[in-house]
Amino acid sequence: MEIIIEKGRKVLVAKEGCVIQSVTDGSILGKKLILGKKDSEIHYHEIPVPTKVEEDSAE
């Protein structure tokens, strides 16, 4: 995970194969997150892209 400056704003970017997740509530936010003026990267971490598990619906 790294911080880049894009159009004058701080943007948190997850590395390839990962997404950004909120530490406080566990929400998955995506590949990029624009940080607000009072926001800090310590409130987020990156996790591997979740894979959707298909349930076997054979009845």
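All figures in this text were calculated on a predicted structure; none of them were measured in a lab.
- Residues forming a side-chain hydrogen bond (donor to acceptor under 3.5 Å, both in side chains) with S22 (at least two apart in sequence, or on another chain): T24, D25.
- Taken to the nearest 0.5 Å, the CZ atom of R9 stands 5.0 Å off from the CD1 atom of I34.
- By the side-chain contact (heavy atoms from CB on, under 4.5 Å) test, E46 pairs with M1, A14, K15, C18, sequence neighbours left out.
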* Asked: Can you check side chain to side chain contact (heavy atoms under 4.5 Å, CB included) on K37 and D39, steps first, answer last?
  -> CA-CA 6 Å; K37 290 182 181 180; D39 208 0; over 6 Å; no
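- Closest non-hydrogen pair, K31 versus I20, comes out as O-CD1, 3.7 Å.
- Judged as a side-chain contact (heavy atoms from CB on, under 4.5 Å), and not counting sequence neighbours, the contacts of I3 are K10, L12, L35, E41.
- Partners of S40 according to the side-chain contact (heavy atoms from CB on, under 4.5 Å) rule, which considers only residues two or more places apart in sequence or in another chain, are I42, H43.
- Between the side chain of E2 and the backbone N or O of V13 there is no donor-acceptor pair closer than 3.5 Å.
- Scanning for side-chain contact (heavy atoms from CB on, under 4.5 Å) contacts around V49 gives V19, with sequence neighbours left out.
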